[in-house]
Number of protein chains: 2
Amino acid sequence: MKSGISKKRKGESAGRRRGPRGEMRTRIYHYVQQRLLAGDPPSVREIRDHVGLRATQTVQRHLDGLIVDGRLERDTSGRSRALRLPQPQPQPSLVPLLGRVQAGVLTTAIEDPEGFVPVSGVRVGDGLFALWIRGLSMEGAGILPGDVVIVRKQSDANDGDIVVALVDDEATVKRLRRRDGRVELHPENPDFDVIVPDSLTLLGKVVEVRRFLEGAPGGV
Amino acid sequence: MKSGISKKRKGESAGRRRGPRGEMRTRIYHYVQQRLLAGDPPSVREIRDHVGLRATQTVQRHLDGLIVDGRLERDTSGRSRALRLPQPQPQPSLVPLLGRVQAGVLTTAIEDPEGFVPVSGVRVGDGLFALWIRGLSMEGAGILPGDVVIVRKQSDANDGDIVVALVDDEATVKRLRRRDGRVELHPENPDFDVIVPDSLTLLGKVVEVRRFLEGAPGGV
DNA sequence: AACTATAGCAGACAGATGTCTTCAAACAAG
DNA sequence: CTTGTTTGAAGACATCTGTCTGCTATAGTT
């Protein structure tokens with residue numbers, strides 16, 4: 001045993017409950033939840049060691065109970081570290097929050113973000129990034145300077161979608177309009193002009209807008 | 001092999017590079033990054049299968065390179081699924097998203113939320129709840145129907161804060177103003193009236209606003 | 001008190017996982 | 001062209017990990 005638990009004679013503590021009924025299960029639940037929220041799923045032995053039990057089978061039975069209660073889920077493919085948070089407690093994913101994005105360096109910016117924002121797991125982490133809003137061009141849509149938009153990477157979008165496109169080699173957020181077979185990028189502020197790009201380089205579609213009235217997102 | 005890679009004769013493709021120098025390493029990096037950001041660390045065999053290699057040792061060598069470059073880290077305790085991203089990651093918390101909140105039932109609503117939204121760990125999860133915006137009274141502040149506000153429970157707030165208060169036994173979001181020792185709840189829309197409550201029941205202060213342009217938050 | 005259910009221990013075993021060695025093909029440099 | 005480096009395959013092995021069986025102690029119920 002690696003955990004410093006004192007050597008006991010065979011069977012010495014078998015069956016011993018240390019606290020009120022249900023306490024161990026609650027302790028296990030909180031430890032697993034914390035580990036899963038941290039993005040670091042625990043093995044059964046790690047759980048065992050953390051809560052001070054000696055047998056993995058005891059942990060398993062508690063986990064079985066938590067799964068029956070719907071508080072945890074298990075990936076049944078036979079892989080290791082298979083616990084999951086269930087709906088409606090989605091496993092959060094972290095989306096890279098980028099600084100300035102210019103033509104050609106999106107991949108680099110994603111690999112070296114200035115921070116991260118957590119999103120619900122239903123959005124599946126691949127293909128998302130987050131950007132700061134810096135201007136007033138989308139004010140009418142309730143998107144203000146200092147907001148963060150979460151963007152799903154895609155190279156096409158529908159009429160009416162709010163998108164991130166490259167204009168003059170700089171990323172900009174606008175509403176996409178299709179007029180007579182042509183693409184237009186519309187601001188949501190009469191003080192800004194409609195942009196008609198010669199060719200559209202679309203980085204993605206805005207799927208979420210966030211405003212932080214106090215503090216900044218994690219890691220910034 | 002589980003991945004559907006076609007059976008090849010022994011050694012048939014040994015040493016074959018399929019793309020430009022460095023491409024495989026980049027592909028591996030992106031896959032690992034995405035998995036780690038999703039809170040689901042990959043095994044070496046999962047990486048191997050995802051990128052279409054046949055030997056785990058090849059993956060290991062690429063991972064070694066990524067570790068030398070500082071782009072990934074490895075927990076060296078001998079555990080499985082030991083890759084890490086090098087920056088410290090914010091640890092998200094889950095905030096309950098409530099349905100309708102009326103006087104007297106906030107605690108019940110928190111215990112039985114209709115879903116959860118992940119927030120950055122810097123906000124320390126306890127004491128937070130989230131609410132839907134249903135009306136247009138805060139339109140001028142860029143807070144629209146269908147938005148979700150994240151609220152920190154507190155019974156006092158400063159002049160200018162956006163707060164959640166009980167008015168006519170119903171939770172409402174307004175901007176708090178202090179005038180001549182008196183509290184006023186201001187809309188951010190001229191079509192709505194200023195509210196001057198006889199006594200203020202403040203549920204908390206809005207710390208974040210979120211708009212979901214596609215889908216809803218987890219569990220809803 | 002007796003009985004039952006719950007909780008925990010110990011040990012064994014199968015499969016997942018990481019790591020190492022050797023060999024071979026492809027590519028880059030001189 | 002030759003040589004050295006990089007890249008990828010195959011196979012073996014040690015350890016981690018999940019799961020199962022059997023036993024025991026404790027707590028709850030009748």
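Numbered from 1 within each chain, the chains take letters A, B, ... in sequence-line order.
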Nearest-nucleotide pick for [X], side chain only, options being [options]:
X     : options                : result
A/M24 : D/dA9, D/dT17, C/dG8   : C/dG8
A/H62 : C/dG8, D/dT17, C/dG18  : C/dG8
B/Q57 : C/dT17, C/dT21, C/dT19 : C/dT21
A/R54 : C/dC9, D/dT17, D/dA9   : C/dC9

When you check the side-chain N and O atoms of A/Y31 and A/R35, is any donor under 3.5 Å from an acceptor?
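Checked: A/Y31/A/R35 side chains pair up, N/O donor to acceptor below 3.5 Å.
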Between the side chains of A/H186 and A/R175, does any donor sit under 3.5 Å from an acceptor?
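Result is no, nothing qualifies.
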Mind checking A/T58 for me? I need base, sugar-phosphate or nothing, with any heavy atom below 4.0 Å counting as a touch.
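Contact class for A/T58: base.
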Gap separating the CD1 atom of A/I28 from the CG atom of A/L72, nearest 0.5 angstrom:
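Here the interatomic distance stands at 10.0 Å.
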On DNA chain C, does the nearest nucleotide to A/A55 precede the nearest nucleotide to A/R81 from the 5' side, or the other way round? Give the residue.
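It is A/A55 whose nearest nucleotide is closer to the 5' end.
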Interatomic distance, [X] [atom1] vs [N] [atom2] [rounded to whole Å]:
X     : N      : atom1 : atom2 : result
A/D64 : D/dG18 : CG    : P     : 13 Å
A/R48 : C/dG8  : CZ    : C1'   : 12 Å
B/D69 : D/dT6  : CG    : C1'   : 14 Å
B/D49 : C/dG18 : CG    : C1'   : 15 Å
A/R25 : C/dG8  : CZ    : C1'   : 13 Å
B/R27 : D/dG8  : CZ    : P     : 10 Å
B/L63 : C/dT17 : CG    : P     : 15 Å
A/I67 : D/dT19 : CD1   : C1'   : 13 Å

Please evaluate the base of [N] for a donor-acceptor partner in the side chain of [X] within a cut-off of under 3.5 Å?
X     : N      : answer
A/Q60 : D/dC20 : no
A/R61 : C/dG8  : yes
B/T56 : C/dT19 : yes

Does OP1 or OP2 of D/dC16 have a side-chain N or O of A/S80 closer than 4.0 Å?
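Result: no.
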Heavy-atom closest pair, residues B/P96 and B/P113:
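Minimum heavy-atom contact is CB-CB, 3.6 Å.
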Which atom of B/P92 lies closest to which atom of A/L94, heavy atoms considered:
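Closest heavy-atom pair between B/P92 and A/L94: CG-CD2, 4.0 Å.
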First of B/G78 and B/R45 reached from the 5' end of DNA chain D, by closest nucleotide
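The 5'-side residue here is B/R45.
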